[in-house]
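Notes for the one structure printed next.
Quantities reported herein were computed from a predicted structural model and do not represent experimental measurements. To find a chain, count down the sequence lines: A is the first, B the second, and so on, and within it residues start at 1.
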Amino acid sequence: MTADVRGDPIAHAGGRSAAFEYLTTKKDELVGWARKFSLFPYPFVTACCAMEFMAVSSSPYDTDRFGAALPRFSPRQADLLMVVGTVTHKQAPVLRRVYEQMCEPKWVMAFGVCATSGGFYRNYAAVQGIDRVIPVDIYVPGCPPRPEMVIDGIMRLQGMIARSKHPIVTDTF
Amino acid sequence: MPTALETLAEALAVDGRPARIEHGLLIVEVAPDAVAMTAARLAAELAFDLLLDVTAIDWPERPLRFDVVWHFYSTQRRLRVRLKTAVPERAAAVPSLTTLYGSAAFMERECHDMYGIGFVGNDDLRPILLYEGFVGHPLRKDYPKEREQPLVPYRTP
């Protein structure tokens, strides 16, 4: 044995290839699998649902189990926009700008009934659901939603991400 | 022996009638031109050092459509006073209390937003809760409760 063979794992396994040395998969499945476990949420938190957001982020519910624990407070570093709470007409331009500043790929969760549909605010001030302003991938109603509902929403979103196409080269890039 | 509130009610008598006491709160109703003088007395003589709120009430069926309402609190005497005046829609204006209470500036802006009450002497009545370009006053009873004025054009579903 010479020194340069010692670093070779195949040589260590007695000349045979060890298990899981390589695998075959589809590119979309591989990228989707990676992306669904690395959601970086941007919490756009405006109202009382924030309390429930804190509860679901930390123990014992712990969104870290889904790879969605680390909130990024810059939209440029985030790929999941969580709109948590009531959005007013005065705030809508801010929300749209935050959404536009996020890099592709990006997803949006409407957290709570106000973000979903305006909730019980039917007046001059409240936007009747953030999907009037930005596209929404998953709606989690409830006032506030139970942590189980939010976790279910994250898991469904993960399923959507895993099943969708993940183009490496797009029209714009 | 009269209570502190009753003594205050006598002191704030309007045309010889003492002010009303309701729910542990003194209610003084004055004409619009007496607002500045009454507020100055509350601030200077009677030790009411906090202006808690400026708001209004819309009574669409009344000739004097709006009640403008101020709440004062005395941190020394721990007493509360509500000052009310009625103004018509055409001349919906009352004197500003910004010279007496700094906090009046923002609260008068809010009241101007919501009810369209003018505050003579407050030079900065820009929208504070609403936004530039908002038409109308949403807390007036004749504002349609479902009228929205979006700043962002809505997406087509």
### Task
Provide the closest heavy-atom pair for A/Gln128 versus B/Tyr154 in the form atom of the first, atom of the second, distance.
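Closest heavy-atom pair between A/Gln128 and B/Tyr154: N-OH, 4.2 Å.
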In one Ile/Leu/Val/Met/Phe/Trp/Tyr side-chain cluster, 4.5 Å: [X], [Y]:
X: B/Ile57; Y: B/Val87; result: no
X: B/Ile27; Y: B/Val81; result: no
X: A/Val56; Y: A/Val45; result: yes

Just wondering, are more than 12 heavy atoms of other shown residues or ligands nearer than 6.0 Å to [atom1] in [X]?
X: A/Met160; atom1: CE; answer: yes
X: B/Arg62; atom1: CZ; answer: yes
X: B/Tyr73; atom1: OH; answer: yes

### Query
For A/Leu95, is it the side chain, the backbone, both or neither that has a heavy atom under 4.5 Å from a heavy atom of chain B?
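Contact with chain B involves no heavy atom of A/Leu95 at all.
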### Query
Of the backbone (N, CA, C, O) and the side chain (C-beta and beyond), which part of A/Ala126 lies under 4.5 Å from a heavy atom of chain B, both, or neither?
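The backbone, not the side chain.
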### Message
If I measure from the heavy atoms of chain A, does B/Leu129 come under 4.5 Å with its side chain, its backbone, both, or neither?
### Response
backbone
### Message
Report which part of B/Pro153 has an atom under 4.5 Å of a heavy atom belonging to chain A: side chain, backbone, both, or neither.
### Response
both
### Task
For the residue pair A/His89 and B/Glu148, confirm or rule out a side-chain donor-acceptor distance under 3.5 Å.
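Looking only at side-chain atoms, B/Glu148 and A/His89 do form a donor-acceptor pair, the distance falling under 3.5 Å.
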#### Entry: Test log, rule side-chain contact (heavy atoms from CB on, under 4.5 Å), inputs A/Arg122 and B/Glu146
CA-CA 6 Å; A/Arg122 185 74 189 93; B/Glu146 296 188 354; 3.7 Å; yes
